[in-house]
Number of protein chains: 2
Amino acid sequence: MDQHSPARMEDVAQVAGVSAITVSRVIHHPDKVADATRERVLKAIETTGYVPNRVAGSLASNQTRIIGALVPTVTNSIFADTIDGLTDELGAQGYQLLLGATGYSLAEETRLINAILAQRPAGIVVTGLQHEPAAESLLRAAGIPVVETWNVDGQPIDMTVGFSNFNACHAMVERLVARGARCIGYVGAPTLANDRAAQRVAGYRAAVAKLGLEASDSLVFEGKFSFAAGAGRLRDLLATRPDVDAVFFGNDILALGALFECQRQGIRVPADLAIAGFDDVELAASVAPALTTVRIHRYEIGRQAARMILERLRGDTTTPDLTDLGFEIIERETTPAGRAD
Amino acid sequence: MDQHSPARMEDVAQVAGVSAITVSRVIHHPDKVADATRERVLKAIETTGYVPNRVAGSLASNQTRIIGALVPTVTNSIFADTIDGLTDELGAQGYQLLLGATGYSLAEETRLINAILAQRPAGIVVTGLQHEPAAESLLRAAGIPVVETWNVDGQPIDMTVGFSNFNACHAMVERLVARGARCIGYVGAPTLANDRAAQRVAGYRAAVAKLGLEASDSLVFEGKFSFAAGAGRLRDLLATRPDVDAVFFGNDILALGALFECQRQGIRVPADLAIAGFDDVELAASVAPALTTVRIHRYEIGRQAARMILERLRGDTTTPDLTDLGFEIIERETTPAGRAD
DNA sequence: AAGCGCGATGTTAGCGCTTTCAACATTATA
DNA sequence: TATAATGTTGAAAGCGCTAACATCGCGCTT
């Protein structure tokens with residue numbers, strides 16, 4: 001008892017006067033053990049302070065209850081919601097989350113995929129559809145359910161859950177034009193190693209071109225994920241192109257930073273300049289004027305990704321390989337009001 | 001090669017014409033293998049697409065490269081920063097994060113501690129100093145480094161990294177009074193199963209009492225972590241106690257929600273009402289008027305927690321068991337300006 | 001009363017790796 | 001040249017658990 005290596009199943013078995021396999025049964029198939037025996041074993045587990053060793057169990061059974069997940073960064077509240085969706089669903093089913101942050105680096109992603117796969121997870125969730133070829137083959141060869149999230153525009157490895165960044169931005173530009181915008185600037189996240197951001201600008205460019213508006217590089221900027229960057233890029237844009245009447249931001253943080261900058265500079269929103277964001281963070285609705293944005297279902301992405309993996313593991317073959325959670329244009333006060341329709 | 005179970009170390013060994021142990025050496029102690037042999041093995045790893053099986057490795061060596069971490073919720077951007085600090089430091093050292101979210105439930109925390117311990121992590125990080133007795137004994141019996149975070153006011157199990165929530169709130173109240181406040185309300189997060197929140201109100205109460213100000217329950221409210229709750233509790237407080245001249249919020253989200261509410265209601269800040277928050281989120285500095293708040297080092301908490309565990313694992317005995325990262329009062333525009341001092 | 005089925009428990013083998021110890025070849029030392 | 005030291009590789013054992021099969025005893029059928 002006082003030996004300082006933790007109790008093993010064998011120790012519990014000895015205390016309960018049974019064999020190890022019976023202890024294993026009490027833990028995994030309690031109904032296959034007689035009531036009296038089960039009680040005795042449970043008591044022995046308690047007195048020995050036994051905590052099952054899943055690494056041994058996983059090796060023997062050749063399966064873990066771990067799901068790997070890779071996000072660019074956790075600090076970006078956007079992915080935090082997805083992670084919460086993941087842990088909520090996974091936790092309820094007795095699975096656990098092995099988390100990695102790539103820092104928007106594809107090379108780091110590959111490295112982390114390798115490290116996670118070494119733990120032989122039951123499934124893995126990654127962000128986006130863009131990966132190094134090495135990462136893709138690693139994922140394919142792993143022989144486990146793989147879910148790519150946050151983007152449905154592309155060739156999935158296995159399963160996908162998310163929405164069309166392209167369509168969402170396209171739709172927002174159309175709405176902006178319907179509300180009177182004629183010269184629309186765009187400020188988005190860096191597109192390097194970020195297919196979601198790339199699809200977003202692409203959607204903007206396509207819509208602008210389709211609607212016969214000016215589609216110039218002088219209208220497009222990139223900014224890091226911060227309020228300060230939103231303010232800075234707005235200043236840059238206004239300096240080059242004072243004729244813009246609307247700016248569409250690739251995420252709400254940039255948009256809100258720009259909105260605050262407008263307030264500081266006395267630019268009236270939306271009278272002088274319309275502003276639209278993307279993500280619909282809580283702040284978007286709480287700020288004054290409230291931000292027009294695109295609502296996406298961040299928490300549900302995580303939740304659904306977990307569900308798809310779990311169903312696949314259960315042998316459920318009816319699960320679709322692609323779940324498009326869609327998006328909604330939320331018009332609030334930073335864009336001109338349209339007639340009720 | 002086409003057999004669909006993944007390649008084992010033995011398979012690699014065969015391809016390279018060596019024994020399994022040599023493959024193991026190439027992976028873990030490359031310098032203990034002759035150059036030519038190493039090259040041959042590396043090539044064999046490549047051609048077989050071998051990904052080491054760490055669950056087998058962990059069982060054999062009786063050690064994992066996994067660190068467990070428990071936070072109340074990831075969505076709260078506050079903990080997201082800590083998680084990023086953790087993954088950054090851990091990732092750099094070849095360790096991985098097994099993450100759980102307790103949802104502010106102590107029972108759930110105990111359940112998750114058990115599940116995480118079953119994976120035999122090399123160390124574990126938990127939030128706060130308050131746990132169920134069962135959780136505490138589990139943690140003590142595990143025989144691994146344990147770090148409790150976000151609070152240093154209490155009895156640690158092993159190591160601690162954070163700051164004094166009590167002192168921080170005490171200091172802010174003192175500052176508020178120095179700036180002219182005479183009737184200070186307090187709105188904080190629910191204190192149930194949240195020792196950090198409990199210490200914060202306690203700090204407020206102690207300071208108010210010490211300074212001879214009114215310390216009435218009618219001045220104290222609890223609100224969930226949302227802008228809407230901040231606005232709502234402010235309305236409640238003002239309805240009961242229209243005489244308050246300052247409100248101190250237990251976190252920035254509540255404070256900012258209240259600030260927006262003031263803007264909507266035409267309450268001038270800080271002329272009519274001073275507002276102070278806690279956490280110093282990015283938005284606090286970006287909003288107008290910028291929010292007076294308490295800066296704490298959320299990312300560093302994670303970073304430092306990881307470091308402490310890693311150093312302990314390395315056998316470094318010089319690491320202190322307690323790291324107080326402190327706090328800073330950041331005076332901005334939502335409180336009356338003091339004379340330069 | 002023999003045989004069958006079934007529930008409850010145990011025995012054996014082995015998951016893929018690392019640890020420990022041994023073996024051998026090569027070089028340095030006396 | 002003998003011996004020790006060093007470098008390189010391998011063989012055997014076992015980590016703690018579970019899968020698969022084996023065994024036992026009991027009540028039931030016919």
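Just so it is clear: chains get the letters A, B, ... in the order the sequence lines come, proteins before strands, and each one is counted from 1. Since the structure is predicted, the reported quantities are computational estimates derived from the model, not experimental observations.
Phosphate contact (OP1/OP2 of dT18(D), side-chain N/O of S24(A), threshold under 4.0 Å): present. Applying the 4.0 Å criterion to OP1 and OP2 of dC17(D), one finds that Y50(A) has a side-chain N or O inside that range. Under 4.0 angstrom from either OP1 or OP2 of dC15(D) there lies no side-chain N or O belonging to S61(B). Side-chain N/O atoms of T22(A) include one lying less than 4.0 angstrom from OP1 or OP2 on dG10(C).
Residue side chain R120(A) does not reach the base of dG16(C) through any donor-acceptor N/O pair under 3.5 Å, judged by distance alone.
For A60(B) and A20(B), each mapped to the nucleotide of DNA chain D holding its nearest heavy atom, the one lying further toward the 5' end belongs to A20(B). Toward the 5' end of DNA chain D, the nearer of the two residues E10(A) and I21(B), judged by each one's closest nucleotide, is I21(B).
Residue R8(B) contributes atom CZ, which lies 12 Å from atom C1' of dG14(C) at whole-angstrom precision. M9(A) has its CE atom 14 Å from the C1' atom of dG10(C), to the nearest Å. The distance between atom CG of N62(A) and atom P of dC17(D), rounded to the nearest whole Å, is 17 Å. Atom CD in Q63(A) sits about 11 Å away from atom C1' in dA19(D), given to the nearest Å. Spacing between atom CG of D35(B) and atom P of dG7(D) amounts to 13 Å, rounded to whole angstrom units. As rounded to whole Å, 13 Å separates atom P of dG10(C) from atom CD of Q14(A). Between R25(A) atom CZ and dT18(D) atom P there is a gap of 11 Å when expressed in whole angstrom units. When rounded to the nearest whole Å, the span between NZ of K32(B) and P of dT19(C) equals 12 Å.
Between Q304(A) and R307(A), the side chains place a donor N or O and an acceptor N or O closer than 3.5 Å (distance only, hydrogens not considered).
Atom CD of Q93(B) has more than 12 heavy atoms from other residues, nucleotides or ligands within 6.0 Å. Within 6.0 Å of CG in L192(B) there are 12 or fewer heavy atoms belonging to other residues, nucleotides or ligands.
With contacts defined as side-chain heavy-atom distances shorter than 4.5 Å, the pair I67(B)/P121(B) does not qualify. No side-chain heavy atom of S61(B) sits under 4.5 Å from any side-chain heavy atom of H28(B).
Nucleic acid contact class of N53(B) (heavy atoms, under 4.0 Å, all strands): sugar-phosphate only. Residue contacts for V55(B): at a heavy-atom cut-off of 4.0 Å it reaches no nucleic acid atom on any strand shown. Within 4.0 Å of T37(B), counting heavy atoms only, lie sugar-phosphate atoms of the nucleic acid but no base atom. At a threshold of 4.0 angstrom between heavy atoms, the contacts of R54(A) with the nucleic acid are absent.
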